[in-house]
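Convention: sequence-line order gives letters A, B, ...; per-chain numbering from 1.
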Number of protein chains: 2
Amino acid sequence: MSINPAPRAYQVVLDSIESDLRSGKLALGDQLPGERALAEQHQISRASVRDAIRILDVLGLVKTSTGSGPNSGAVIISNPAAGISQALRMHLAAKGINVREIVESRILLETWAAQMPPRNPHHAQQVIDRTAVLIMRMDDAQLSREEFHRIDAEFHVLLASMAGNTVVESMMESLRHSISHYVAESIPNDESWQPVVRVLRRQHKAIHHAFATNQRERAAQLIEEHITWFYSQTR
Amino acid sequence: MSINPAPRAYQVVLDSIESDLRSGKLALGDQLPGERALAEQHQISRASVRDAIRILDVLGLVKTSTGSGPNSGAVIISNPAAGISQALRMHLAAKGINVREIVESRILLETWAAQMPPRNPHHAQQVIDRTAVLIMRMDDAQLSREEFHRIDAEFHVLLASMAGNTVVESMMESLRHSISHYVAESIPNDESWQPVVRVLRRQHKAIHHAFATNQRERAAQLIEEHITWFYSQTR
DNA sequence: GCGCATAGTATGGTCAGACCACACTTCGAA
DNA sequence: TTCGAAGTGTGGTCTGACCATACTATGCGC
């Protein structure tokens with residue numbers, strides 16, 4: 001009965017990198033040593049190093065690319081939503097979580113962010129200006145549905161960013177991504193989509209107006225109705 | 001300029017498994033085909049199949065074990081907290097921990113869960129009974145500090161589970177895991193820890209009492225004070 | 001027929017070594 | 001000076017091998 005049940009080889013690399021991140025030896029934008037170098041450093045095979053890198057990749061912590069030069073190899077980025085949304089999506093598929101839970105969580109996070117007093121008034125004003133532009137772009141009748149959803153997501157994330165909490169922001173983004181597949185499937189891209197998008201535009205404008213006039217509680221309420229209504233259409 | 005920029009080999013397996021999960025061909029508890037079999041099915045190497053399995057493992061979607069028989073190989077589970085907390089922890093390491101954001105998020109999630117009417121009264125009663133046991137165990141003066149934190153975490157997660165939202169529960173658990181390292185560092189394990197733990201015990205009991213007597217709003221308020229106070233001690 | 005040690009078999013975990021496509025770097029020819 | 005060709009280092013993939021493990025089947029002794 002060993003106290004060392006299964007020391008995965010790749011864990012060594014993962015721990016080493018996490019430690020370097022904490023100590024500041026590695027920072028955003030830095031390049032990781034090459035796989036062959038890491039393998040030699042830790043005295044493990046390149047295959048195991050690749051396991052670790054692959055995990056960091058999926059978690060949205062590094063971006064890998066082939067070739068040589070300053071932008072090649074594994075570069076440290078920070079895209080928390082990538083890993084989390086992937087995880088949520090798979091668990092959704094596996095029925096480990098359900099749509100109700102996602103919607104509940106979205107409402108929780110977004111209404112909280114709406115009611116929170118902005119941490120940075122200057123940034124808040126910028127957000128209000130930029131979301132106004134997004135609303136105009138969503139009015140374009142020529143817009144493809146994918147593009148609409150993309151701008152829609154940006155709209156919501158921008159508003160939430162006013163609260164100045166990146167953790168909440170990342171979770172929100174992840175929730176949106178995780179469920180986009182489901183949304184695309186459950187509302188067919190035909191004539192039934194047109195009435196929906198008209199309501200969404202109206203709701204976005206009302207939400208934006210509430211923010212612009214600093215009626216934050218009303219904004220929160222409108223967001224809750226917006227989200228609830230939208231998912232009531234998916235079925 | 002190909003339309004096929006970089007079709008990672010492991011993605012094929014991932015897509016196939018996700019699709020099987022959606023269609024119900026694969027369900028929780030099922031065993032995945034062996035790595036060698038999957039490699040042949042998809043006409044890729046075992047190494048690439050392993051990439052896919054490794055990802056599912058990190059995401060908390062499968063559990064792998066060696067040997068043969070019904071419990072060997074890759075078995076489908078659903079442990080959303082695993083992947084999310086790993087992702088969150090690494091990103092916090094990369095960006096530098098912002099305690100304010102963590103505290104804000106914890107308060108948001110836990111007070112929400114406290115105020116939410118229980119989805120399952122029977123389960124709620126079980127939670128109240130089990131948390132009572134945890135409180136008693138935390139009274140043990142012989143308890144190591146690590147053990148105390150472990151039980152403490154279980155206490156909070158259990159209470160939050162009453163709301164019946166796995167996503168919120170996973171996010172909570174992830175937040176706790178992600179900063180346990182920080183907490184352990186910032187409160188030295190000496191005489192300064194003893195007064196803290198006494199207050200924590202008292203707060204836990206008050207929270208439990210509020211739940212047991214169905215004063216959910218009061219419980220939420222106590223939890224907020226509990227979390228705020230605790231982090232005010234870390235520095 | 002029963003009990004139990006043994007050999008067999010399939011699993012994931014790890015390793016070594018090879019080849020590829022790619023992107024940048026270097027350097028020589030025009 | 002310019003520009004194209006060769007060089008070099010990167011991750012991506014593949015092959016084939018060996019290991020420890022955990023179950024399964026065998027067959028021996030009784």
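For A:R50 and D:dG11, the CZ to P distance is 8 Å, given to the nearest whole Å. If you take CG of B:L32 and C1' of C:dT11, they are 13 Å apart, rounded to a whole angstrom. A straight line from CG of B:N71 to C1' of C:dA10 spans 14 Å, rounded to a whole angstrom. One can place CD of B:Q31 at 9 Å from C1' of C:dT11, the figure rounded to the nearest angstrom. The nearest whole Å value for the distance from the OH atom in A:Y10 to the C1' atom in C:dG12 is 12 Å.
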| message | Between B:Q11 and B:D15, does the side-chain hydrogen bond (donor to acceptor under 3.5 Å, both in side chains) criterion hold? Intermediate values first, please. | response | CA-CA 6 Å; B:Q11 194 64 43; B:D15 289 346; 3.1 Å; yes
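Side-chain contact between B:L109 and A:L108: present, with at least one pair of heavy atoms (C-beta onward) separated by less than 4.5 Å. Contact annotation: the side chain of A:E110 approaches that of A:I227 to within less than 4.5 Å [non-hydrogen atoms, C-beta and beyond].
Defined by atom type and a distance below 3.5 Å, a donor-acceptor pair is present between the side-chain atoms of B:T166 and A:E101. For the residue pair A:H204 / A:D152, a side-chain donor-acceptor distance below 3.5 Å is found, with atom types taken as modelled.
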Restricting to nitrogen or oxygen on both sides, can you table the protein-nucleotides 15-18 of chain C pairs closer than 3.5 Å?
residue: C:dC15; atom: OP2; partner: A:S45; partner atom: N; Å: 3.1
residue: C:dC15; atom: OP2; partner: A:S45; partner atom: OG; Å: 3.1
residue: C:dC15; atom: OP2; partner: A:S48; partner atom: OG; Å: 2.7
residue: C:dA18; atom: N6; partner: A:R46; partner atom: NH1; Å: 3.3

Tabulate protein N/O versus nucleotide N/O from nucleotides 2-7 of chain D, keeping only pairs under 3.5 Å, one per line.
none

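Residue pairs meeting the side-chain hydrogen bond (donor to acceptor under 3.5 Å, both in side chains) criterion with at least one member in residues 25-40 of chain B, sequence neighbours excluded: B:E35-B:R46, B:E35-B:R50. Listed by first then second residue, pairs satisfying ring-ring contact (aromatic ring centres under 6.0 Å, His included) with a partner in residues 166-186 of chain A number zero, not counting sequence neighbours.
Look at B:R54 and B:D57 and you find a salt bridge, because one of the NZ, NE, NH1 or NH2 atoms lies within 4.0 Å of a carboxylate O, short of that distance. Using a cutoff of 4.0 Å between basic side-chain nitrogens and carboxylate oxygens, B:R150 and B:E147 are scored as salt-bridged.
Against DNA chain C, the stretch residues 51-64 of chain B makes heavy-atom approaches under 4.0 Å through B:T64.
Among the protein residues, B:G69 comes within range of the sugar-phosphate backbone only, with heavy atoms under 4.0 Å from sugar or phosphate atoms but none that close to a base.
Looking at which nucleotide of DNA chain C each of A:T66 and B:E35 is closest to, the 5′-most match is held by B:E35.
For A:R119, the side chain to side chain contact (heavy atoms under 4.5 Å, CB included) test picks out B:R100, B:E104, with sequence neighbours left out.
Listed here is the closest heavy atom pair of A:V157 and A:E173: CG2-CG, 4.1 Å.
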